[in-house]
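Comments concern the structure below.
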Amino acid sequence: MKRKNTEPYVRLTQPLVRDSGVLRPATWEEALERAAAGFRRTLETKGPEAFGMFSCARATNEMNYVAQKFTRAVIGTNNVDSCNRTCHAPSVAGLARVFDSGGGTSSYQEIEDADVIVVWGGNPREAHPIFFQHVLKAIHRGAKLFVIDPRRTSTASWAHRQLQLHVGTDIPLAHAIAREIIHSGLANTAFIERATEGLAEFAASVEPWTLEVAEETTGVPAELIKELAHTYARADRGQLSWTLGITEHHNGTDNVLSLINLALLAGHVGRYGAGLNPLRGQNNVQGGGDMGAIPDRMPGFQNILDTGVRAKFDAAWGSAIPPHKGLNLTQMLDAMERGELTCVYIIGENPVQSEADCEHTIKRLSNVDHLVVQDIFLTKTAQLADVVLPASAAWCESDGTFTNSERRVQRVRKALEPPEGARDDIQLLCELARRLGHDWHYEGGEDVWDELRTLSPMHAGMSYARLEELGGIQWPCYREDELEPTFLHGRLWEEDPAKRGRPAPFTVIVHSPPVDLLTEDFPIRLTTGRRLDSYNTGVQSGGFPSPLRRGETLDLCLADAVKLGVTEDEVVRISSRRGEIEAPVRIDEGLRPGLAFMTFHFPDEIDVNVITIEATCPVAGTAEYKAAAIRVEKLPATV
């Protein structure tokens with residue numbers, strides 16, 4: 001099969017407005033006034049809760065700070081979110097529930113110094129290659145890597161052991177590991193008694209999950225489960241990392257909590273080298289949430305329900321922040337369908353192609369009265385807009401900061417001027433704010449950052465000068481003359497109860513299999529993921545050549561291909577309960593019979609999200625991208 005050569009998207013350099021159903025070029029003045037007029041009309045006729053903001057996890061911290069400020073201070077709603085809802089919102093929800101903070105607990109250096117690393121539901125060799133370089137250093141130093149994944153991935157080729165479980169059986173596997181740790185007397189009782197609560201109820205809940213029962217449910221041999229349990233619990237420095245194989249399920253938050261239970265049992269949190277780490281995919285998905293571009297937290301991960309927190313921001317901004325949580329991205333889409341959310345401002349996001357069951361998303365976005373899209377390309381989402389605003393590319397055309405998976409805030413600098421006709425994201429937000437009665441003045445990213453530092457205690461000690469001097473700083477950093485430890489939650493090891501604070505609770509969790517059941521009509525389980533050379537919906541990476549790129553394929557094991565009577569490169573029809581697509585077959589012996597794999601990188605040619613299911617985690621709102629039931633059919637021969 002020929003390598004994929006996708007036509008690049010053309011950079012937007014002129015605003016567009018919709019007249020009589022057609023987007024046409026407009027002046028900046030006309031486009032900005034059209035955008036502002038729609039926002040104004042919504043406020044006057046339907047109120048602020050009819051507005052929703054999709055902020056951008058690829059843009060700078062500073063842009064995300066201004067975007068959520070626009071939503072709260074100008075519009076007057078907390079309906080702001082970003083693509084964290086499609087990936088790691090369950091990680092944030094689970095970690096915050098147990099530890100009051102949604103960030104990963106360790107640094108990359110601690111990964112290198114760990115004795116045991118467990119990568120659960122992820123393929124960082126391809127999806128998080130920088131993180132994986134730290135894993136490789138640990139392996140070369142003698143650390144053991146356990147990989148838990150339904151596929152035998154390129155990451156697994158480096159593993160001491162791989163546990164190849166059935167899709168959606170993470171909780172039974174975690175419960176069996178926990179039970180084995182408890183029954184073998186390997187639980188860290190000193191830590192548990194000092195820093196946790198709820199062990200008895202949790203231990204009772206995992207009691208049915210013997211090694212034998214777990215083997216039958218998960219497909220993982222009992223001796224492998226036992227080896228992982230003993231190795232992880234006996235390690236001095238144990239690291240547990242996960243990605244979307246854990247979170248992109250209808251019970252993603254429960255999956256995360258089941259892993260946190262293991263860390264509490266072994267005492268692998270709150271110490272150097274021992275931790276829990278969700279690996280972020282977008283370059284600033286951590287920072288977007290940290291900046292408050294989520295519906296339940298203000299900048300610095302401060303609780304929106306806290307009266308004192310809201311009062312502090314209201315005093316600084318002259319705002320009246322609503323005393324309740326806003327709608328997350330999934331809830332905003334539901335509200336569009338009900339006709340309750342009628343005005344949407346999307347910055348750098350492409351939900352038409354990134355959301356599960358995307359045909360449903362298109363109908364919902366088509367249902368709003370006023371859609372403004374600010375982007376560098378005319379994406380499939382922008383093509384639905386009433387107003388399109390050409391923006392700068394934050395990662396190379398703006399000054400600011402990003403925050404990576406180890407919570408490290410780092411400076412980014414403008415390397416290029418935006419093309420003539422495009423404007424900086426923050427300038428656009430400020431101009432729209434001015435037209436709605438809020439005259440904001442920022443000379444550059446540092447002005448925004450310094451305002452943030454006055455309002456977010458965990459960023460207070462990070463001046464631009466200090467970030468440059470130290471090459472980045474992990475949060476929290478409360479003072480300009482101190483640095484905190486590289487790991488979080490050291491308080492749990494304090495002997496003084498007052499310093500130790502709230503105990504970390506074990507969570508009782510019930511296994512719930514994937515929503516999309518396998519049947520005779522849909523007998524194959526489709527799971528999804530990423531490949532090394534491509535990036536999400538392919539808008540930015542698809543237009544550039546890669547020697548590794550094959551385009552989209554349906555990956556099957558040889559046994560399934562023979563059973564279906566299809567061969568490598570043969571185009572087949574793939575159907576789910578929501579729709580159907582066609583794609584060429586690729587043989588991958590890393591898959592087991594009954595399991596198929598696809599990516600989201602080429603939606604313009606093969607839109608995989610037509611067939612994925614939008615069953616969502618009730619806590620985090622993340623969809624079950626990892627578990628669709630499909631049917632694969634050989635196409636009739638053409639004459």
Under 3.5 Å, is there a donor on one side chain and an acceptor on the other for [X] and [Y]?
X      : Y      : answer
Asp296 : Asn78  : no
Asn251 : Ser512 : no
Ser405 : Asn277 : no
Asp290 : Gln286 : yes
Thr403 : Asn61  : yes
Ser82  : Asn84  : yes
Thr247 : Trp242 : no
Gln353 : Asp604 : yes
Glu126 : Ser154 : yes

(request) Measure the acute angle between the ring planes of Tyr9 and Phe377, then classify it against the limits of 30° and 60° as parallel, tilted or perpendicular. (result)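 Tilted, since the angle between the ring planes falls between 30° and 60°.
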(request) Return the orientation label for the Phe51 and Phe70 ring planes: parallel under 30°, perpendicular over 60°, tilted otherwise. (result)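 The rings of Phe51 and Phe70 sit tilted, inter-plane angle from 30° to 60°.
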State the [atom1]-[atom2] distance between [X] and [Y], to the nearest 0.5 angstrom.
X      : Y      : atom1 : atom2 : value
Thr616 : His249 : OG1   : NE2   : 14.0 Å
Asn255 : His250 : CG    : NE2   : 8.5 Å
Thr553 : Glu568 : OG1   : CD    : 8.5 Å

Salt bridge or not between [X] and [Y]? Use side-chain N to carboxylate O under 4.0 Å.
X      : Y      : result
Glu614 : Arg577 : no
Asp533 : Arg549 : yes
Arg550 : Asp555 : no
Arg435 : Glu431 : yes
Glu349 : Arg85  : no
Glu359 : Arg578 : no
Glu397 : Lys414 : no
Glu337 : Lys363 : no
Lys626 : Glu624 : no
Arg41  : Asp369 : no
Arg586 : Glu552 : no

So [Y] and [X], do their side chains get closer than 4.5 Å, heavy atoms only?
X      : Y      : value
Leu452 : Pro299 : yes
Asp588 : Phe597 : no
His360 : Glu355 : no
Leu526 : Met598 : yes
Arg530 : Leu244 : yes
Gln374 : Asp425 : yes
Leu32  : Leu432 : yes
Phe301 : Ile294 : yes

Of all the heavy-atom pairs spanning [X] and [Y], show the shortest one and how long it is.
X      : Y      : answer
Ser398 : Asp424 : OG-OD1, 3.1 Å
Ala356 : Ala623 : CB-CB, 3.9 Å
Leu12  : Val388 : CD1-CG1, 3.6 Å
Ala59  : Ala394 : CA-CB, 3.5 Å
Pro322 : Thr77  : CG-CA, 3.9 Å
His601 : Arg531 : NE2-N, 2.9 Å

(message) I'd like to know whether the aromatic ring centres of Phe39 and Tyr345 sit less than 6.0 Å apart in this structure.
(response)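 For Phe39 and Tyr345, the ring centres are under 6.0 Å apart.
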(request) Provide the full list of ring-ring contact (aromatic ring centres under 6.0 Å, His included) pairs with a residue in residues 381-401, sequence neighbours left out, each pair given once. (result)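 For residues 381-401: none.
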(request) Output, in order, the C-alpha distance, side-chain angles, deciding distance and verdict of salt bridge (Lys or Arg N to Asp or Glu O under 4.0 Å) for Glu570 and Lys634. (result) CA-CA 8 Å; Glu570 180 176 347; Lys634 187 178 179 70; 2.6 Å; yes
(request) Walk me through it: do Asp19 and Arg34 pass the test salt bridge (Lys or Arg N to Asp or Glu O under 4.0 Å)? (result) CA-CA 11 Å; Asp19 279 335; Arg34 184 83 70 97; 3.2 Å; yes
(request) Would you please test Leu389 and Trp28 for side-chain contact (heavy atoms from CB on, under 4.5 Å) and show each step? (result) CA-CA 8 Å; Leu389 304 176; Trp28 269 107; 3.9 Å; yes
(request) Determine, stepwise, if the pair Arg423 / Ser392 fulfils side-chain contact (heavy atoms from CB on, under 4.5 Å). (result) CA-CA 6 Å; Arg423 294 190 181 181; Ser392 58; over 6 Å; no
(request) Mind checking salt bridge (charged side-chain N to carboxylate O under 4.0 Å, His left out) for Asp170 and listing every partner two or more places apart, or none if nothing turns up? (result)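 If we apply the salt bridge (charged side-chain N to carboxylate O under 4.0 Å, His left out) test to Asp170, skipping adjacent residues, there are no hits.
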